[in-house]
2 protein chains.
Amino acid sequence: MYEELKYWYLRDHKLFWTLSMSQIKQLCIIVGFRKANKGDVIYFSHSEVPRIFLLKQGNIKIVSIDEEGNETIKEILKKGDLFGELALERDTDVNEYAKALTDEVSICSFLMSDFEDLLIKNPTLALSYTKFVGLKMKRFKNNYSNLVSKDAKTRLITFLKDWAEKEGIQEGNKYTIDNYLTQTDIAQIICTSRQTATLLLNELEEKNLIFYSRKKIIIDDVKKL
Amino acid sequence: MYEELKYWYLRDHKLFWTLSMSQIKQLCIIVGFRKANKGDVIYFSHSEVPRIFLLKQGNIKIVSIDEEGNETIKEILKKGDLFGELALERDTDVNEYAKALTDEVSICSFLMSDFEDLLIKNPTLALSYTKFVGLKMKRFKNNYSNLVSKDAKTRLITFLKDWAEKEGIQEGNKYTIDNYLTQTDIAQIICTSRQTATLLLNELEEKNLIFYSRKKIIIDDVKKL
DNA sequence: ATGAATATGTCGGTTAGTTTACAATTATAA
DNA sequence: TTATAATTGTAAACTAACCGACATATTCAT
């Protein structure tokens with residue numbers, strides 16, 4: 001890949017904003033690059049060498065499988081998000097894979113060890129990165145709390161609001177979301193069965209709180225939700 | 001507090017092992033110190049200035065309260081553990097407090113901003129710290145998975161095993177744990193009702209898999225559990 | 001265009017775990 | 001020591017959500 005391109009690939013990630021051009025040049029350690037289409041599975045947790053991945057385009061879900069074969073959706077990632085060995089510690093216990101939710105997914109990657117070297121050289125970047133990991137930790141903590149103390153309906157509504165806020169197109173209190181998830185996906189995200197998710201979505205639609213289709217979700221008034 | 005003492009306070013935390021004496025001297029930024037006894041509540045999330053705390057002695061639980069007043073136990077901490085603004089980002093949303101589970105709890109603290117300065121100066125420490133936060137994130141991720149896919153009984157057994165491994169006195173496959181938790185605590189940790197926890201603990205005891213008392217828990221054979 | 005595959009809709013039966021309620025036991029403080 | 005508070009034990013009614021089963025609708029590949 002051209003050096004210039006590599007530069008811009010990292011440049012537009014928040015984490016690297018504080019770095020100068022030359023610093024990023026050092027970071028031009030991208031060693032992998034791949035594309036995928038909807039439904040494609042991208043294994044990464046058992047890759048030969050630990051890596052960090054950057055999702056350049058499209059949406060993917062990170063799914064983890066435990067010993068008994070239970071699949072949990074850990075995260076839904078969008079353009080610009082990082083995944084892989086973010087904790088900078090090889091982890092052979094977890095078994096995760098990514099699945100493309102949209103077409104034209106593109107992902108680049110660099111080696112965890114290269115990234116570590118870079119962090120050692122750039123304390124400011126190291127600090128930003130720590131905060132970034134800390135934020136991710138907080139999100140998991142929060143998901144956990146929701147699961148403990150909120151029922152499925154509340155979790156669905158919380159999820160829809162978050163989704164709208166992150167990716168929806170806003171017009172006053174109205175949000176239009178480009179829906180790349182199936183109801184099964186949504187069910188897994190909010191940790192309920194597909195049937196319950198279907199039921200709840202239809203219930204929200206009946207009350208005219210949302211409009212649901214396979215392509216779009218429209219929230220008429222977030223405040224009413 | 002004497003400088004020397006401050007030094008040793010930090011010195012025996014894993015995170016600071018890699019630092020030299022002089023580096024730690026710089027870190028001697030401990031500005032707070034307090035003691036507590038069983039049952040005492042220590043508020044920290046809304047302290048005037050964001051801090052990081054180090055539990056020097058005793059055991060505490062970190063409890064968070066949401067808008068509706070639901071209390072969730074986020075963590076049980078033991079000697080040597082850090083808590084507070086670990087994500088290095090002030091967070092006014094979460095409302096957490098610590099509660100002493102044992103007598104003779106002692107806690108020291110330093111300012112988040114001082115710690116940040118130190119990380120900037122010590123890239124190696126920054127990297128260790130990032131890994132430390134990453135590890136914490138993984139633990140939350142793991143808790144979450146357990147909650148999603150395992151029933152209360154499995155969660156209890158997993159918890160007991162973890163606890164035994166971390167703090168129990170081992171003799172072959174037998175573990176003796178100093179029990180500073182009530183059944184209500186255990187219930188909250190594994191996210192179930194107190195009654196269910198009681199039921200399950202008694203069930204395990206009837207099957208002679210554990211011996212339970214308010215002071216001690218003995219696991220006769222971890223492999224059978 | 002057509003059949004196969006995937007996604008959504010709907011319905012009871014089942015169940016793990018909650019909730020309420022109260023009794024018994026153990027710890028704590030006066 | 002004794003009263004009071006906290007913890008543990010137990011049971012029945014209740015419920016949110018799961019699960020299996022099947023129908024319908026939509027998408028995709030050939």
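Letters A, B, ... mirror the listed sequences (proteins, then strands); counts begin at 1.
- Atoms CG (B:Leu147) and C1' (C:dA16) sit 14 Å apart, rounded to a whole Å.
- Atom CG of A:Leu199 and atom P of C:dG12 are 13 Å apart (whole Å).
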Q: List the steps, then state whether salt bridge (charged side-chain N to carboxylate O under 4.0 Å, His left out) holds for A:Glu75 with A:Lys136.
A: CA-CA 10 Å; A:Glu75 289 178 281; A:Lys136 248 186 151 49; 2.8 Å; yes
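- No more than 12 heavy atoms of other residues, nucleotides or ligands sit less than 6.0 Å from atom CD of B:Glu165.
- Read 5' to 3', the first and last nucleotides of DNA chain D with an atom closer than 4.0 Å to a heavy atom of chain A are D:dA17 to D:dT27.
- Atoms CZ (B:Arg194) and P (C:dT18) sit 12 Å apart, rounded to a whole Å.
- Considering only side-chain N and O atoms, B:Thr192 lies under 4.0 angstrom from the phosphate OP1 or OP2 of C:dT18.
- Distance B:Gln183 CD to C:dT25 P: 15 Å, rounded to the nearest Å.
- The aromatic rings of B:Tyr43 and B:Tyr97 sit tilted relative to each other, their planes meeting at an angle between 30° and 60°.
- Note: OH (B:Tyr212) to C1' (C:dT25) measures 13 Å, nearest angstrom.
- Between B:Phe110 and B:Phe53, the distance from one ring center to the other does not fall under 6.0 angstrom.
- Environment of CD in A:Glu104: sparse, with no more than 12 heavy atoms of neighbouring residues, nucleotides or ligands closer than 6.0 Å.
- One atom, CG of B:Leu156, and another, P of C:dA16, lie 16 Å apart when rounded to the nearest Å.
- In terms of heavy-atom proximity, A:Glu203 sits nearest to A:Lys153 at OE2-NZ, 2.8 Å.
- Defining each end axis of the helix from C:dA1-D:dT30 to C:dA30-D:dT1 as the rotation carrying four pairs' C1' atoms onto the next four, with five pairs an end, the two axes are found to diverge by 50° to 10 degrees.
- Of the possible polar contacts, one joining the B:Arg155 side chain to the B:Cys191 backbone as a donor-acceptor pair under 3.5 Å is found.
- Between the side chain of A:Tyr129 and the backbone N or O of A:Leu86 there is at least one donor-acceptor pair closer than 3.5 Å.
- Across the interface with DNA chain D, nearest-nucleotide mapping of A:Thr196 and A:Arg214 shows A:Thr196 to be the residue nearer the 5′ end.
- Remark: C1' of C:dT19 and CG of A:Asp151 are 16 Å apart, rounded to the nearest angstrom.
- Computed from coordinates, the B:Arg155 CZ to C:dA16 P distance equals 13 Å when rounded to whole Å.
- Just one of B:Arg194, B:Lys61, B:Lys99, B:Arg214 meets the salt bridge (Lys or Arg N to Asp or Glu O under 4.0 Å) condition when paired with B:Asp185; it is B:Lys61.
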